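FYI, side chains are in, hydrogens and waters are out, and symmetry mates aren't considered; it's all heavy atoms of this structure. By convention in this document, chain letters (A, B, ...) are assigned in the order of the sequence lines, proteins followed by strands, and residues within each chain are numbered from 1. Computed from a prediction, not measured in an experiment: that's the story for all the values here.
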There are 2 protein chains.
Amino acid sequence: MKGKMTRKHIVELADRLFYQRGYEHTSFADIADSVQISKGNFYYHFKSKDEILAAVIQLRLENTRNMLLKWEDEGERPEDRIKSFIYILIANHADIKMYGCPVGTLCTELAKLNHASKAEAKELFSLFRTWLSRQFALLGRKEDADELAMHLLARSQGVATLVQAFQDERFIRHEVEQMCDWLSCMTSATQLTHESGGTYERDDSGT
Amino acid sequence: MKGKMTRKHIVELADRLFYQRGYEHTSFADIADSVQISKGNFYYHFKSKDEILAAVIQLRLENTRNMLLKWEDEGERPEDRIKSFIYILIANHADIKMYGCPVGTLCTELAKLNHASKAEAKELFSLFRTWLSRQFALLGRKEDADELAMHLLARSQGVATLVQAFQDERFIRHEVEQMCDWLSCMTSATQLTHESGGTYERDDSGT
DNA sequence: ACTCTATTAGGACGATCGTCCAATTTAAGA
DNA sequence: TCTTAAATTGGACGATCGTCCTAATAGAGT
């Protein structure tokens, strides 16, 4: 009973530390210090560091799913929901400025480490991709919904990277404005540019 | 005499390894194995691992400057030069798919490590930013040249991140097309949207 | 009060990290 | 050819890493 709570604490604190310092650069001692438990206690709850990472990713997946559901409840119109996505850049501007995007930086790191959990981390991106794609489809852009989702995902990733590098929050606001303009153009004009349609290959087979 | 060559080899191989595996995840043993020298020889040329990183960044800065100069020679019109920038996504698609953008991933990692050389790494971004800004100014967009440069930089960063995550090269081509379209619209229309002008704060003071 | 399981503490372990050094080899100049 | 500095070697070092193990403690159910 008590154990489940400390397990939860471990995952939450590890989540934060992995985000702030990166996975590899976060040691067991760091997490143990944060949670204020002995290093040995740890291995009662998790057999390895990889297992903690897996639990952290599962937590993030759950939180992300809840967030997306909340956005769907809060916003009636698809364009409002998409704006909810765009505005996370502003809502989390302080963290992004210091640590970048939690999803992007994790995926990048795990890819370089060739870590076993990189596929699960990618799933975080997939959640946003699928959700955004559905919203664009509801906007009447069924043909290129996936392209639009990827496009928006890429732009927010790029903004997060540059904000962290240049430490400039004004850039966020400016780019968010442009993304909203881009979204507005889409909703007013009834499907202007239906370029070469189709969907990008979705390699969800895992590697 | 001979020593300068091995020093060069060390920097070149370290450059590649830092890109592929990340700075922290690359050990001395890894570099020594690649260069095929003894681990001790290393410290004749560099006093620490940080010093190797500094040398690697200097090498990248030099290579980047040369590349930008080459682009300026090859392309007469500014729009052609900007296209040279956009097309690095295609030229380096294989590496980007596996390891992401060399500049973005390095800056992100050094920021999380809070490494002393993060300011120098940021300078890599600044080179592109300044160069692109100058090209946009030549296009007659003096007012918002810096915003446009940052915008394009962000978009290619985002593309690189997602390509690495999703392992999909078709996404590169599609986004490159869109960036070129965006550029064409800019050159044909004579300054359509001159929004709130100015330049983002350039924090080049270093931290 | 007692038992038994769940939980925690703290240290030992081998491996690997970045760093450093003494000894040796190489190569260039006189 | 001899001298001397440049270059290279291979191993020792302390620290830290992730992992594991045993003993101590806590708490719920009888």
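- Summarising the geometry, the separation between CG on A/D33 and C1' on D/dC17 is reported as 14 Å, rounded to the nearest angstrom.
- When each of D/dC17, C/dT8, C/dG18 is scored by its nearest atom to the side-chain atoms of B/K49, the top-ranked nucleotide is C/dG18.
- Straight-line distance from the NZ atom of B/K4 to the C1' atom of D/dT8: 15 Å, rounded to whole Å.
- For the pair B/T6 and D/dT8, the criterion of a side-chain N or O lying under 4.0 Å from OP1 or OP2 is met.
- Summarising the geometry, the separation between CD1 on B/I31 and P on C/dC17 is reported as 11 Å, rounded to the nearest angstrom.
- For D/dA7, one of the phosphate oxygens OP1 or OP2 lies less than 4.0 angstrom from a side-chain nitrogen or oxygen of B/Y44.
- A/R129 forms a cation-pi arrangement with B/F166, by the criterion of a distance under 6.0 Å to the ring centre and an angle within 45° of the ring axis.
- Heavy atoms of B/K47 sit under 4.0 angstrom from primed sugar atoms or phosphate atoms, though from no base atom.
- Ring orientation note: the planes of A/W182 and A/F136 are nearly perpendicular, at an angle over 60° on the 30°/60° scale.
- Phosphate contact (OP1/OP2 of C/dC17, side-chain N/O of B/S27, threshold under 4.0 Å): present.
- Here the P atom of nucleotide C/dC17 and the CZ atom of B/F42 are 12 Å apart, to the nearest Å.
- For D/dT9, the OP1/OP2 oxygens have a side-chain nitrogen or oxygen of B/N41 closer than 4.0 Å.
- Note: CD1 (A/I10) to C1' (C/dT8) measures 11 Å, nearest angstrom.
- A donor and an acceptor atom, one from each side chain of B/N114 and B/K118, are located under 3.5 Å apart.
- Candidate nucleotides D/dC20, C/dT19, C/dG10 were compared by shortest atom distance to the side chain of A/S38, and C/dG10 ranks first.
- Counted by atom type alone, A/S27 and A/D30 present one or more donor-acceptor pairs between their side chains at under 3.5 Å.
- One interatomic measurement links the two molecules: OH of A/Y43 to P of D/dG18, which rounds to 7 Å at whole-angstrom precision.
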Assess the residue pair B/F85 and B/S156 against the criterion (side chain to side chain contact (heavy atoms under 4.5 Å, CB included)); give the C-alpha distance rounded to whole Å, side-chain angles, the decisive distance to 0.1 Å, and a yes or no. CA-CA 9 Å; B/F85 170 79; B/S156 42; 3.5 Å; yes

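- To the nearest angstrom, P of D/dC13 lies 13 Å from NZ of B/K39.
- Between the CZ atom of A/F46 and the P atom of D/dC20 there is a distance of 15 Å, rounded to whole Å.
- Overall bending of the helix from C/dA1-D/dT30 to C/dA30-D/dT1, expressed as the angle between end axes built from five pairs apiece, is 0° (10° steps).
- Residue B/H45 has a polar side-chain atom (N or O) positioned under 4.0 Å from OP1 or OP2 of D/dT8.
- Aromatic ring orientation, A/Y23 versus A/F18: perpendicular (interplanar angle above 60°, classes split at 30° and 60°).
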Could you go through the side chain to side chain contact (heavy atoms under 4.5 Å, CB included) check for A/K112 and B/Y19 one step at a time? CA-CA 8 Å; A/K112 297 225 176 194; B/Y19 176 38; 3.8 Å; yes

